[in-house]
Amino acid sequence: MSGPHLRDFKRIVFFTGAGMSAESGVPTYRGAGGIWKEYDYRRYACQEAFVRDPAAVWEFHNYRRGLVAACSPNRGYHIVARAGERSARVTVVTQNIDGLHAQAGSREICELHGNLWRVRCDRCHVKQQDGHVVREELRCDGCGGWWRPDIVWFGDHLHAPILDAAQAAIEGCDLFVSIGTSAVVYPAAYLPEYARKAGAVRVEINPDETPASHLYDVHLRGPATEMLARLADGDAELLA
Ligand code: OAD
């Protein structure tokens with residue numbers, strides 16, 4: 001039996017969170033083993049902490065770099081990357097900073113919360129890309145300011161052009177697939193609302209219910225890799 005298939009849609013948006021990387025071995029933020037259970041974001045992931053103690057903040061981020069560098073994109077990432085091969089235009093809107101979508105070969109990616117492998121100078125704002133390494137040089141060679149991870153910390157604003165691009169992609173999509181997000185961090189958590197307004201088919205992949213579950217037509221309660229594989233196989237029951 002064959003049902004609606006990913007290839008039946010013209011514009012697909014995958015909206016991903018930490019659960020997308022869980023099966024790659026990257027810890028999520030909340031829930032069992034979550035980063036924010038072990039590390040207080042007020043000490044490691046906000047501008048005030050960085051001003052107070054940049055070295056401690058870098059120690060935390062270097063630790064996270066080490067964790068992510070040991071991981072690679074799981075099967076779900078490859079399904080997402082291949083989804084556009086036939087006809088659909090695919091945009092990935094991600095809250096993840098680990099860079100695994102790009103590593104898997106996805107091309108159109110809106111990284112709402114920045115990237116763990118990029119830094120920007122806290123003083124002159126110049127940006128720099130790092131390899132998959134622990135950062136040792138903590139001062140900007142141009143102006144002597146501190147490099148900070150180019151990621152969105154608590155209290156930071158999202159980069160407006162990226163948020164706008166994400167919104168535009170979602171407003172134009174006919175299939176919106178949310179994967180592995182707890183839907184509690186704004187403004188990202190608001191984005192599914194644009195898919196609802198656009199009349200897109202909306203699928204939530206998450207083992208657990210979330211505060212946004214009511215916005216979705218289809219709920220796939222299970223791990224991202226397995227549920228994405230079912231979606232890609234055109235499992236008749238899923239989207240019928
Ligand atoms: P969370 O850690 O808040 O939520 C992870 C979600 O993934 C939960 O709803 C889990 O149920 C789900 N999950 C766990 N394992 C899964 C699996 N194998 N397959 C599918 N889903 C699974 O992560 P986010 O929602 O991404 O921001 O968090 C949002 C933002 O909060 C992050 O981008 C980060 C954090 O503070 C910044 O750092 C700026």
Side-chain angles (χ1 to χ4, degrees), residues 14-50 57-58 60-61 63-65 67-68 71-80 92-101 104 109-120 148-159 162-163 166 177-192 203-216 218-232 238:
F14 291 100
F15 173 57
T16 64
M20 180 78 204
S21 297
E23 292 164 89
S24 287
V26 182
T28 59
Y29 294 95
R30 299 171 183 83
I35 292 261
W36 301 142
K37 281 228 162 96
E38 205 174 330
Y39 295 90
D40 184 347
Y41 76 85
R42 288 166 300 191
R43 290 186 63 193
Y44 301 109
C46 63
Q47 182 64 23
E48 292 76 11
F50 190 65
V57 171
W58 262 113
F60 170 67
H61 284 82
Y63 160 71
R64 295 194 64 197
R65 282 184 170 198
L67 284 180
V68 172
C71 299
S72 49
N74 60 54
R75 190 160 58 111
Y77 274 100
H78 294 294
I79 292 171
V80 167
V92 172
V93 176
T94 188
Q95 297 166 83
N96 297 344
I97 58 173
D98 53 30
L100 293 184
H101 280 295
I109 308 169
C110 300
E111 289 183 317
L112 297 171
H113 293 162
N115 190 295
L116 188 56
W117 307 105
R118 202 173 51 233
V119 293
R120 72 168 187 267
R148 58 157 280 178
D150 193 21
I151 62 181
V152 175
W153 283 331
F154 288 90
D156 289 349
H157 291 292
L158 273 68
H159 191 48
I162 293 177
L163 191 56
V177 184
S178 160
I179 308 162
T181 175
S182 59
V184 295
V185 173
Y186 284 82
Y190 188 75
L191 292 175
V203 179
E204 179 182 59
I205 296 179
N206 198 313
D208 298 326
E209 198 171 332
T210 73
S213 292
H214 65 283
L215 292 172
Y216 294 88
V218 179
H219 304 96
L220 303 182
R221 295 277 171 245
T225 52
E226 187 190 331
M227 295 300 123
L228 277 166
R230 286 179 62 189
L231 202 58
L238 301 182

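Each ligand, and each atom within it, is numbered from 1 in the order the structure gives. Owing to the predicted nature of the structure, the values given are computational and were not obtained by experimental measurement.
- Counting only heavy atoms of the protein, atom 11 (O) of ligand 1 lies nearest to Asn206 OD1, 2.8 Å.
- Less than 4.0 angstrom separates some heavy atom of Phe154 from each of these atoms of ligand 1: 36 (O).
- Closest to atom 30 (C) of ligand 1, if we only count protein heavy atoms, is Val185 CG2, 3.7 Å.
- Distances from atom 31 (O) of ligand 1 to the heavy atoms of Glu204, Glu209, Arg30 show the closest one on Arg30.
- Of the protein's non-hydrogen atoms, the one nearest atom 18 (N) of ligand 1 is Glu23 OE2, 3.2 Å.
- Listed by number with element, the atoms of ligand 1 under 4.0 angstrom from any heavy atom of Gln95 are 29 (C), 33 (O).
- At the top of the distance list for atom 13 (N) of ligand 1, counting protein heavy atoms only, stands Gly19 CA, 3.6 Å.
- Exactly one of Thr181, Thr210, Leu215 qualifies for a side chain to side chain contact (heavy atoms under 4.5 Å, CB included) with Pro192. That residue is Leu215.
- Applying the 4.0 Å criterion to heavy atoms of Trp36 picks out, from ligand 1, the atoms 35 (C), 36 (O).
- Nearest protein heavy-atom neighbour of atom 33 (O) of ligand 1: His113 ND1, 2.8 Å.
- The protein heavy atom nearest to atom 25 (O) of ligand 1 is Thr181 OG1, 2.7 Å.
- Here the side chain of Thr94 pairs a donor or acceptor atom with the backbone of Asn96 at under 3.5 angstrom.
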Just do the side chain to side chain contact (heavy atoms under 4.5 Å, CB included) check on Arg221 and Asn206 with the steps written out, would you?
CA-CA 5 Å; Arg221 295 277 171 245; Asn206 198 313; 3.9 Å; yes
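- For the residue pair Tyr77/Ser21, the side-chain donor-acceptor check at 3.5 Å is satisfied.
- Here the shortest heavy-atom distance to atom 38 (O) of ligand 1, taken over Asp208, Thr28, Val152, belongs to Val152.
- The backbone N or O of Gly76 lies less than 3.5 Å from a partner atom in the side chain of Asn74, making a donor-acceptor pair.
- Ranking protein heavy atoms by distance to atom 23 (O) of ligand 1, first place goes to Ala18 CB, 3.4 Å.
- Between atom CZ of residue Arg120 and atom CG of residue Asn115 there is a gap of 12.5 Å, rounded to the nearest 0.5 Å.
- Per-residue contacts place Ala22 under 4.0 angstrom from the following atoms of ligand 1 (heavy atoms of the residue considered): 15 (N).
- For Gly31, the closest heavy-atom approach to ligand 1 does not fall below 4.0 Å.
- Nearest heavy-atom pair, Gly99 versus Glu111, reported as atom, atom and distance to 0.1 Å: CA-OE2, 4.1 Å.
- Considering only non-hydrogen atoms, atom 1 (P) of ligand 1 lies nearest to Ser182 out of Pro149, Pro211, Ala189, Ser182.
- For atom 5 (C) of ligand 1, the nearest non-hydrogen atom from the set Pro223, Cys46, Gly180, Gly17 comes from Gly180.
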